[in-house]
Amino acid sequence: MKTIDELLTEGVAGRRVFVRADLNVPLDGTTITDDGRIRAVLPTVAKLAEAGARVVVASHLGRPKGAPDPAFSLAPAAARLGELLGADVAFATDTVGDSARAAVAGLTDGQVAVVENLRFNAGETSKDDAERAAFADRLAELADVYVGDGFGAVHRKHASVYDLPARLPHYAGYLIATEVGVLEKLTTDVKRPYAVVLGGAKVSDKLGVIDHLLEKADRILIGGGMVFTFLAAQGHEVGASLLQEDQIPVVKEYIERAKERGVEFVLPVDVLVAGEFPDMKTKAPANPTTVAADAIPAGQMGLDIGPESRKLYASKLADTATVFWNGPMGVFEHPDYAEGTRAVAQALIDSPAFTVVGGGDSAAAVRILGFDENAFGHISTGGGASLEYLEGKTLPGLAALEG
């Protein structure tokens with residue numbers, strides 16, 4: 001895989017460089033609530049601009065239905081990128097139309113333009129190879145060189161991620177090079193003990209990575225909504241907690257495989273429960289009760305791991321050499337259910353291990369809960385991409401850059 005450093009050695013002054021970024025930031029209306037993904041691509045964009053490239057930045061945002069939707073415009077992200085660069089950034093109001101062509105044509109050496117949300121064109125995400133190819137052809141007309149730096153999208157077989165690199169000289173940006181290097185540390189020559197912390201809502205979202213990690217990890221700590229399927233698989237009642245009954249047989253099998261392989265599954269010993277889901281708008285006090293994990297009352301739902309579980313999890317992370325964390329321990333956005341996630345984050349900071357926060361809600365939690373991002377070994381920008389990499393899958397965007 002060629003990297004941006006090789007491209008810079010070849011020279012980029014005056015060349016149109018298409019940077020496939022991941023500017024898929026959370027928005028409250030038009031206000032960006034977390035600009036982490038924009039800051040993550042900044043080194044690549046800034047370096048190219050400094051070297052005299054005419055930089056064309058493209059990304060998706062949200063899940064529009066293949067047509068323009070103002071709610072998913074990249075305009076706020078383009079404005080924030082300009083603020084971080086300390087330079088004007090042109091913004092095209094379409095992806096490959098008159099506005100995009102004019103914005104790119106108007107660039108001088110060292111300037112940057114952002115084109116509108118790629119998913120406003122149905123060809124970006126189409127499962128039809130010909131439709132994707134046609135869109136990739138039009139994108140290719142905007143550039144001379146391709147730099148892939150949207151790690152959060154490399155697991156998608158989309159036009160700008162998979163098809164476009166085949167049409168232009170292509171290189172990996174700094175972010176992708178860093179992400180791949182970190183993930184290699186989690187899959188080859190791993191320093192042990194190696195612990196994996198998995199949370200989030202649904203166990204079905206993590207089955208693939210659990211299956212693969214049973215061959216690699218020494219401990220797997222489970223939290224979040226997915227924990228209740230594990231508790232049910234052990235024969236415990238889980239009240240009104242989130243439960244995927246259809247996954248219980250698979251979870252039972254994983255528990256048995258873990259015993260056979262000497263992999264330690266760590267489940268909470270106590271949980272915070274309440275009769276209803278908290279009000280996420282007002283963040284009104286929820287007044288949860290702490291109960292044993294094997295004694296959740298009928299009608300009560302588990303919403304975070306309890307105080308004894310926090311101590312347990314911290315102890316299981318204290319002597320590790322490598323830790324990968326993906327998924328919160330509870331409904332961390334509400335203050336009454338944030339302590340489990342906070343405890344795991346603090347345990348990673350206190351651990352001597354090389355720690356990787358696997359993107360998505362975990363990365364958001366680190367920032368929302370006020371932790372110093374530099375206190376962790378690495379915070380990934382791509383939750384889904386990280387998980388699929390750890391599952392051993394071939395990621396289309398990385399394969400395209402290697403081709």
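Heads up: numbering here begins at 1 and tracks the sequence. This structure is a prediction, so every number in the text was calculated from the model and none was measured.
- Take H170 and apply the ring pair (Phe, Tyr, Trp, His ring centres under 6.0 Å) test, not counting sequence neighbours, and it matches no residue.
- Closest non-hydrogen pair, I248 versus L243, comes out as CD1-CD1, 4.3 Å.
- Tested against I38, the residues V45, D22, L23, N24 include a single side chain to side chain contact (heavy atoms under 4.5 Å, CB included) partner, L23.
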Throw together a table of side-chain donor-acceptor distances under 3.5 angstrom for residues 343-352, partners on residues two or more places apart or in other chains.
residue, atom, partner, partner atom, Å
Q346, NE2, D350, OD1, 3.0
S351, OG, L317, O, 3.2
S351, OG, T320, OG1, 3.1
S351, OG, A353, N, 3.0

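- Residue pairs meeting the salt bridge (charged side-chain N to carboxylate O under 4.0 Å, His left out) criterion with at least one member in residues 394-403, sequence neighbours excluded, do not occur.
- Pairing each heavy atom of D319 with each of R219, the nearest pair is OD1-NH1, 2.8 Å.
- Within 6.0 Å of the CG atom in D88, the count of heavy atoms belonging to other residues, nucleotides or ligands does not exceed 12.
- Using a 4.5 Å heavy-atom cutoff, the side chains of T9 and E6 are not in contact.
- Counting only residues at least two apart or in different chains, salt bridge (charged side-chain N to carboxylate O under 4.0 Å, His left out) contacts with residues 382-394 comprise E391-K393.
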Going by atom type alone, with no hydrogens or angles, which donor-acceptor pairs under 3.5 Å involve a side-chain atom of residues 47-55 and a protein atom two or more places apart or on another chain?
residue, atom, partner, partner atom, Å
R54, NE, D109, OD1, 2.8
R54, NH1, L107, O, 3.4
R54, NH2, D109, OD1, 3.0

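- Within the structure, no pair that satisfies the salt bridge (charged side-chain N to carboxylate O under 4.0 Å, His left out) test touches residues 269-281, not counting sequence neighbours.
- Side-chain N or O atoms of E179 include none that pairs as donor or acceptor with a backbone N or O of S380 at under 3.5 Å.
- Put simply, the side chain of D149 never gets that close to the backbone of R20: no donor and acceptor are under 3.5 Å apart.
- T33 places no side-chain N or O within donor-acceptor distance of the main-chain N or O of D28, the cut-off being under 3.5 Å.
- No more than 12 heavy atoms of other residues, nucleotides or ligands shown are found within 6.0 angstrom of CD on E237.
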Using a 3.5 Å cut-off and no angle test, enumerate the donor-acceptor pairs between side-chain atoms of residues 127-135 and protein atoms at least two apart in sequence or in another chain.
residue, atom, partner, partner atom, Å
D128, OD2, A130, N, 3.1
D128, OD2, E131, N, 2.8
D129, OD1, R132, NH1, 3.2
D129, OD1, R132, NH2, 3.1
E131, OE1, S126, OG, 2.7
R132, NE, D163, OD2, 2.7
R132, NH1, S126, O, 3.2

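- A side chain to side chain donor-acceptor pair (under 3.5 Å) check over residues 187-198, counting only residues at least two apart or in different chains, returns the pairs R192-D218.
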- request: Tell me, with the steps shown, if F151 and L183 meet side chain to side chain contact (heavy atoms under 4.5 Å, CB included).
  value: CA-CA 12 Å; F151 181 74; L183 289 170; 3.5 Å; yes
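- T322 places no side-chain N or O within 3.5 Å of a backbone atom of F354 that could act as its donor or acceptor partner.
- Here R310 does not pair with E339 in a salt bridge; the nearest charged N to carboxylate O distance is not below 4.0 Å.
- Side-chain atoms of M226 and I210, non-hydrogen and from C-beta on, do get closer than 4.5 Å to each other.
- Without hydrogens or angle criteria, D336 side chain to A286 main chain gives a donor-acceptor distance under 3.5 Å.
- Nearest heavy atom pair, residue T95 against residue A100, reads O-CB, 3.3 Å.
- In this structure, I32 and R80 approach most closely via the heavy-atom pair CD1-CB, 3.7 Å.
- For the pair L186 and Y389, the minimum side-chain heavy-atom distance is 4.5 Å or more.
- For the ring pair (Phe, Tyr, Trp, His ring centres under 6.0 Å) test, no residue two or more places apart in sequence or in another chain qualifies with F91.
- Under the 4.5 Å side-chain criterion, counting only non-hydrogen atoms from C-beta, L7 is not in contact with D5.
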message: Evaluate Y162 against R156 for side chain to side chain contact (heavy atoms under 4.5 Å, CB included), listing each step before the verdict.
response: CA-CA 8 Å; Y162 178 75; R156 305 296 188 191; over 6 Å; no
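- Here the side chain of Q111 pairs no donor or acceptor atom with the backbone of V89 at under 3.5 angstrom.
- Distance alone, capped at 3.5 Å, is enough to place a donor-acceptor pair between the D94 side chain and the S99 backbone.
- Between the side chain of T178 and the backbone N or O of Y174 there is at least one donor-acceptor pair closer than 3.5 Å.
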Between side-chain atoms of residues 114-121 and protein atoms elsewhere (two or more places apart, or another chain), which donor-acceptor pairs fall under 3.5 Å?
residue, atom, partner, partner atom, Å
E116, OE1, L74, N, 2.8
E116, OE2, S73, OG, 2.9
N117, OD1, L61, N, 3.2
N117, OD1, R119, N, 3.0
N117, ND2, L61, O, 2.8
N117, ND2, F72, O, 3.0
R119, NH1, G62, O, 2.9
N121, OD1, G123, N, 2.8

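- Among all heavy-atom pairs drawn from I222 and P268, the shortest one is O-CD, 3.6 Å.
- Annotation: side chain of Y313 is in contact with side chain of M329 (closest heavy-atom distance under 4.5 Å).
- At distances below 3.5 Å, at least one donor-acceptor pair connects side-chain atoms of S241 with backbone N or O atoms of G302.
- At a threshold of 4.5 Å between non-hydrogen side-chain atoms, the residues V250 and Q247 count as touching.
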task: Report the C-alpha distance between L231 and D294 in whole Å, list the side-chain angles of each, state the deciding distance to 0.1 Å, and finish with yes or no for side chain to side chain contact (heavy atoms under 4.5 Å, CB included).
output: CA-CA 7 Å; L231 292 172; D294 60 359; over 6 Å; no
query: Run the salt bridge (Lys or Arg N to Asp or Glu O under 4.0 Å) check on K259 and E256 step by step: do they pass?
result: CA-CA 5 Å; K259 288 179 181 177; E256 287 303 312; 3.8 Å; yes
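- Under the salt bridge (charged side-chain N to carboxylate O under 4.0 Å, His left out) criterion, the residue pairs touching residues 199-213 are D211-R257, with sequence neighbours excluded.
- Partners of K316 by salt bridge (charged side-chain N to carboxylate O under 4.0 Å, His left out), not counting sequence neighbours, listed by chain and number: E264.
- For CD of E215, the number of neighbouring non-hydrogen atoms (other residues, nucleotides, ligands) closer than 6.0 Å is greater than 12.
- Checked by atom type and distance alone, the side chain of Y146 pairs as donor or acceptor with a backbone atom of S160 at under 3.5 Å.
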message: With side chain to side chain contact (heavy atoms under 4.5 Å, CB included) as the criterion, how do Y171 and V17 come out once you've worked through the C-alpha distance, each side chain's angles and the decisive distance to 0.1 Å?
response: CA-CA 10 Å; Y171 304 81; V17 181; over 6 Å; no
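- Between S386 and G382, the closest heavy-atom pair is OG-O, 2.6 Å.
- Here T341 contributes atom OG1 and D361 contributes atom CG; the two are 9.5 Å apart, rounded to the nearest 0.5 Å.
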- prompt: Passes ring-ring contact (aromatic ring centres under 6.0 Å, His included), F265 versus F230? Steps please.
  reply: CA-CA 10 Å; F265 259 122; F230 277 83; 5.4 Å; yes
